[in-house]
Amino acid sequence: MASFNTVAGCVLASALFAMVVGKVSNAVVHPHKLDKPALAVSDEAPTQTAAAPAAIEIPPIGPKLASANVDAGKAIFQKQCFTCHTVDKGGANKVGPNLWGIVDRKKASHEGFSYSSALTGKGGDWTYEDIDHMIFKPTAYARGTKMAFAGLAKEQERADVIAYLRTMADSPKPLP
C-alpha cells in the first residue's frame with residue numbers, strides 16, 4: 001500500500017507543479033495581441049493571377065555537340081536516365097518512353113506510352129535544342145510534365161547525352 005501512496009503523491013505533486021509553473025509563466029510573460037491578423041484570409045478570388053516565371057535561357061547546344069563525347073554521354077545516360085528510359089530499338093517503355101530514334105521524332109509519339117498533356121501540347125519534332133531544354137530542366141520546358149528529373153545543369157554533360165542519343169537510331173541525324 002505504501003507504493004500506491006508514493007505513486008499517487010508523485011502524480012499529485014507533478015500536477016501541482018505544472019499548475020504553479022503555468023501561473024508563474026503567465027505572470028512573467030505578457031503575450032502581445034496583434035491589432036489585425038498577420039495573415040489575411042479572404043473569401044474572394046484573387047483579381048489577378050501571378051505571371052508564369054520566364055523561361056530559362058541557356059546557350060544553344062549546337063556548338064557543344066561538335067566536341068561532344070558519345071562514350072561520356074552513354075555513361076551519363078546509364079547513370080542518370082536508364083532507370084526510367086530504354087534506348088534499344090523496339091525497346092519497352094519504362095516510367096518514361098523508349099528513346100530510340102528520338103532526334104527528329106514527333107514529340108509525345110512513342111507507341112504505348114501515356115504522355116502528359118504538357119508534353120502532348122508541345123507539338124513538333126524533337127530537335128537538338130528541344131532535347132537540350134528538356135534534359136536541362138524538364139519542368140521548365142514542359143510545365144506539368146510527369147518527368148520527375150531535376151535535370152542536367154552542365155552544358156557539356158547535356159551535349160554528351162544528346163550525342164549519345166543521336167547514335168541510337170537507324171540513321172543518325174546530322175549535327176547542326
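No hydrogens, no waters, no symmetry mates; every other heavy atom, side chains included, goes into these values. Computed from a prediction, not measured in an experiment: that's the story for all the values here.
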Sequence neighbours excluded - side chain to side chain donor-acceptor pair (under 3.5 Å) pairs with any residue from residues 10-25: none
Only one of L99, L165, I131 passes side-chain contact (heavy atoms from CB on, under 4.5 Å) with W126, and that residue is I131
Heavy atoms, side chains only, cut-off 4.5 Å: are I162 and I135 in contact? yes
Considering only heavy atoms from C-beta outward, does the side chain of F149 approach that of T139 to under 4.5 Å? no
Pairs in or reaching into residues 154-168: which pass salt bridge (charged side-chain N to carboxylate O under 4.0 Å, His left out), with residues at least two apart or in two chains? D132-R158
Residues that N93 engages under side chain to side chain donor-acceptor pair (under 3.5 Å), provided they are two or more places apart: H110
Assigning hydrophobic clusters by single linkage (Ile, Leu, Val, Met, Phe, Trp, Tyr; side-chain heavy-atom cutoff under 4.5 Å), is M19 placed with V11? no
Given a cutoff of under 4.5 Å between side-chain heavy atoms of I, L, V, M, F, W and Y, with clusters grown through shared members, what are the other residues clustered with L12? none
Minimal non-hydrogen separation, W100 against V87, with atom names: CE3-O, 3.0 Å
Pairwise side-chain contact, S116 with L119, heavy-atom cut-off 4.5 Å (strictly under): yes
ILVMFWY network linking F136 to I61, side-chain heavy atoms under 4.5 angstrom: no
Please give me the minimum heavy-atom distance between G101 and R105, naming the atom from each residue. O-CB, 3.3 Å
With D130, which residues qualify under side chain to side chain donor-acceptor pair (under 3.5 Å), at least two apart? K107, T127, Y141
Can you list the residues that meet the side-chain contact (heavy atoms from CB on, under 4.5 Å) rule with A163, with sequence neighbours excluded? A68, V70
Tell me, please, which residues at least two apart from S117 pass side-chain contact (heavy atoms from CB on, under 4.5 Å). T120
Under 3.5 Å, sequence neighbours excluded: what are the donor-acceptor pairs made by side chains of residues 73-86?
unit_1: H85; atom_1: ND1; unit_2: P97; atom_2: O; d: 2.8
unit_1: T86; atom_1: OG1; unit_2: A92; atom_2: O; d: 2.7
unit_1: T86; atom_1: OG1; unit_2: N98; atom_2: ND2; d: 2.7

Indicate every side-chain donor-acceptor pair of residues 168-176 with a distance under 3.5 Å to a residue at least two apart or in another chain.
unit_1: D170; atom_1: OD1; unit_2: K89; atom_2: NZ; d: 2.9
unit_1: D170; atom_1: OD2; unit_2: K89; atom_2: NZ; d: 3.0

If you measure from NZ on K137 to CE on M147, what distance do you get to the nearest 0.5 Å? 12.5 Å
Of all heavy-atom pairs linking G62 and E129, the shortest is N-OE2, 3.5 Å
Any donor-acceptor pair under 3.5 Å linking the side chain of K146 with the backbone of S114? yes
By the rule that ILVMFWY residues connect when side-chain heavy atoms come within less than 4.5 angstrom, directly or transitively, which residues belong alongside V21? F17
Kindly work out whether a path of hydrophobic side-chain contacts (I/L/V/M/F/W/Y, heavy atoms less than 4.5 Å apart) joins L65 to I102. yes
